[in-house]
Protein chains: 2
Amino acid sequence: MAAHPIDDRESEDLTARARIRDAALHLFAEHGIGGTTIRHISAAAGVSAGLVRHHFGSKEALRDACDAHALDRLMRIKEKAVFDGSGGNPAFMTGAHPTVLLLMRYLARSMVDGSPAAAALFDQMVDLTEAWVTRHHPEVSADPRAYAGVLVAMQMGPLVMHDHLSRALGADILSTAGHLRMSKAVVDFYAHPLLSPEVAAQAHEAMDRLQERPSPTAEPRSAD
Amino acid sequence: MAAHPIDDRESEDLTARARIRDAALHLFAEHGIGGTTIRHISAAAGVSAGLVRHHFGSKEALRDACDAHALDRLMRIKEKAVFDGSGGNPAFMTGAHPTVLLLMRYLARSMVDGSPAAAALFDQMVDLTEAWVTRHHPEVSADPRAYAGVLVAMQMGPLVMHDHLSRALGADILSTAGHLRMSKAVVDFYAHPLLSPEVAAQAHEAMDRLQERPSPTAEPRSAD
DNA sequence: CAGGTTCCTATACGCGTGTGTAGAGGGCAG
DNA sequence: CTGCCCTCTACACACGCGTATAGGAACCTG
C-alpha cells in the first residue's frame, strides 16, 4: 500500500501525451517499431491518430521520446534502489519489478530495432563493464574490451529472446516469478566455469593457429 | 520425366530460384524480414518481382524456404566438420567460416523476427543443452531446464547483437578475424566464474526470500 | 466578453507494399 | 510445324502506412 516505493511517476502522467508515450512503449516493446503503427498506438491510448503527431511530431520522434523516457525512468529507479540499499542484491530485486521488466524489455527490443539511444546504452554498458573488468578481474582476459562486449551482449541475450526463453521454460520470463527463476539460472551460470583451464588453453591455441593460417578446413568458395 | 533437368538441389545454385533465395537470405539477415521488400530481393537477385512470387508463392513462403535452406546447410556443414574431425576445436573453426557466419546471422535475425523454424531451432538447442548439462554437469544448477535456456539465449546474444558488438569493439564480429577475437573472449568468459560461491549462495538466498515474500520494495500494482 | 493558444478529431494525400493477372520467349515431345 | 509447359516480365489493383491540414472544443489571459 506504500505510495512511493518505485513508482514515482509524475502527476502529469495522466495526460494524453503520457498515455500515448506509455502505449507506444508497450507496443514497441511487444511488436517492435516497424510492427507498430501510429494508429495502433492511438487506439491503445484512446486518442485519435492526429494527436500523436501533434504531441510528438513524427513516429521517429515518438520513438526517441520513448527511449529517453525508458532510460530516464530506469536510471531513476536504479539509483533509488542503490540509495535505498535494501540489503541483499539490489540488481535482482529491482530486476524483478514489473515496471523495470517492461522498460528493459523495451530497451532490449529497441536494441534489436536499432535505436540510437539503445546503441548508446550498449556502448555505455560496455565501457562500464570494461572498466569494471580491468579493475577487478584483470587476469580473466587479455582483451578486456572484447570480454566486456561479449559479457554485455550475453547478458542481454535472455532479455532480447525472452519470448523464446519463456516458451522453452514454460513460464513467462518477464513475470516476477519467471524472472526470478531465470535469475537463479543466471547466477548458477556465473558461479561455475563451463570450461576447464586446460580446455580453454587448448581452444586458445587452436584459435591462434587459425588466426595465423586461416580456415584450414574451409572450402575455398566465397559466401556470396 | 526420366531426367530431372533442374531439380537437383546442390549441383546448380545458379538458377534464378536459388539466386532469389540467397538474395533473400542476405537481405533478411541484414534488414530483417519486415525491413526487406520483395522488390529489394528481386533487384538484388537480378530478376523481376513477379518471379519471386512465381517461385515461392508469397513472402512468408520465401521466408520459410530461407529458414529451411539455412538450417539444412548449417546442419550439413556441421556434420561434415564432425566427420572430418580436423582435431582442435571444430565448433570455433566452423564458426569462423564466412558462409556459416552468414547463416548464423540469418538465423539469429530470424529468431528475433519470430520465425517458426527459428523457434523450433531454439527449443531444440535448449533440449540438447539440457541433456548435456544433466549428463555432464548435474551439480551446476538445481534447474537444468532454466540453466540450459539461459545458456542458449546468452550464447546467441553476441550473434543477435553483432552490430552493436562490432561497433563497441571496432571490428566486424561477422568477419573471420573479428569472430575469432570474439570467440577468444567467449572462451575467457567460459573459463572463469564471475561469481564466487559465497556471493552466488548469497544471491540465491536473497532471491529465495524474494520468492516467498514478493517485492518487498515494490508495490503490488501490475505493469500496465 | 473577446482573443489567442492549446488540445484534439476528422479526413485526405502520396507512397510503398504484397499480391494478382496477362502475356511474351524458348526449349521439347508429338 | 503445332501445341504445351516452364520461366520470366510488365503492369495494375487494393490496402495500410506516415504524414499533412482544416476545423472544432476547451481553457487561460486580458
Side-chain angles (χ1 to χ4, degrees), chain A residues 10-67 69 109-110 113-117, chain B residues 1-67 69 109-110 113-116:
Chain A
E10 297 160 20
S11 57
E12 63 183 13
D13 245 340
L14 293 171
T15 64
R17 180 186 165 90
R19 284 209 317 277
I20 292 171
R21 183 190 5 83
D22 287 352
L25 218 108
H26 270 93
L27 291 174
F28 282 159
E30 188 161 4
H31 303 112
I33 289 166
T36 304
T37 71
I38 290 187
R39 287 168 176 84
H40 287 159
I41 296 170
S42 64
V47 298
S48 74
L51 191 61
V52 176
R53 170 175 162 75
H54 172 257
H55 275 303
F56 295 95
S58 72
K59 189 183 182 182
E60 193 67 17
L62 173 57
R63 200 261 291 270
D64 292 342
C66 285
D67 283 344
H69 179 71
R109 188 77 195 218
S110 203
D113 285 350
S115 110
Chain B
M1 308 161 192
H4 291 68
I6 37 178
D7 260 353
D8 217 285
R9 281 188 183 176
E10 304 234 27
S11 54
E12 77 314 279
D13 254 340
L14 293 171
T15 64
R17 181 187 165 90
R19 283 209 318 277
I20 292 170
R21 183 191 3 85
D22 287 352
L25 221 109
H26 270 93
L27 292 174
F28 282 159
E30 188 162 3
H31 302 111
I33 290 165
T36 304
T37 71
I38 290 187
R39 286 170 177 85
H40 287 159
I41 296 170
S42 64
V47 298
S48 75
L51 192 61
V52 176
R53 169 177 162 76
H54 173 256
H55 275 303
F56 295 94
S58 73
K59 190 182 181 181
E60 192 67 18
L62 173 58
R63 199 261 291 271
D64 292 343
C66 286
D67 283 345
H69 180 71
R109 188 78 194 216
S110 203
D113 284 351
S115 108

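Residue numbers start from 1 in every chain, and the chains themselves are labelled A, B, ... in the order their sequence lines are given, proteins ahead of strands. As the structure is a prediction and not an experimental result, all values here were calculated from the model.
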Residue mapping more 5' on DNA chain C - nearest nucleotide basis, B:Ser58 or A:His54:
A:His54

With a distance cut-off below 6.0 Å to the six-membered ring centre and an angular limit of 45° from the axis, does B:Arg63 pair with B:Phe56 as a cation-pi contact?
no

If only side-chain N and O atoms of A:His55 are considered, is one of them under 4.0 Å from the OP1 or OP2 phosphate oxygen of C:dC8?
yes

A:Lys59 NZ - C:dC15 P separation (whole Å)
19 Å

Let me know the distance between CZ of B:Phe56 and P of C:dT19, rounded to the nearest Å.
14 Å

Looking only at side-chain atoms of A:Ala16, point me to the closest of C:dC8, D:dT19, C:dT19.
C:dC8

Specify the residues of residues 36-53 of chain A, ordered by number, for which at least one heavy atom lies under 4.0 angstrom from an atom of DNA chain D.
A:Thr36, A:Thr37, A:Ile38, A:Arg39, A:Arg53

Using atom CZ of A:Arg63 as one end and atom C1' of D:dC17 as the other, report the distance to the nearest whole Å.
17 Å

Rounded distance [0.5 Å steps], CG in B:Leu62 versus CG in B:Asp67:
9.5 Å

Distance (rounded to the nearest 0.5 Å) between B:Ile38 CD1 and B:Leu27 CG
12.0 Å

Is there a donor-acceptor contact under 3.5 Å from the side chain of A:Asp113 to the main chain of A:Gly32?
no

Which value, rounded to the nearest 0.5 Å, describes the distance between A:Lys59 atom NZ and A:Phe28 atom CZ?
5.5 Å

Separation of C:dT19 C1' from B:Glu60 CD (nearest whole Å):
14 Å

Verify, without hydrogens or angle tests, whether B:Arg17 (side chain) and B:His55 (backbone) share a donor-acceptor contact under 3.5 angstrom.
yes

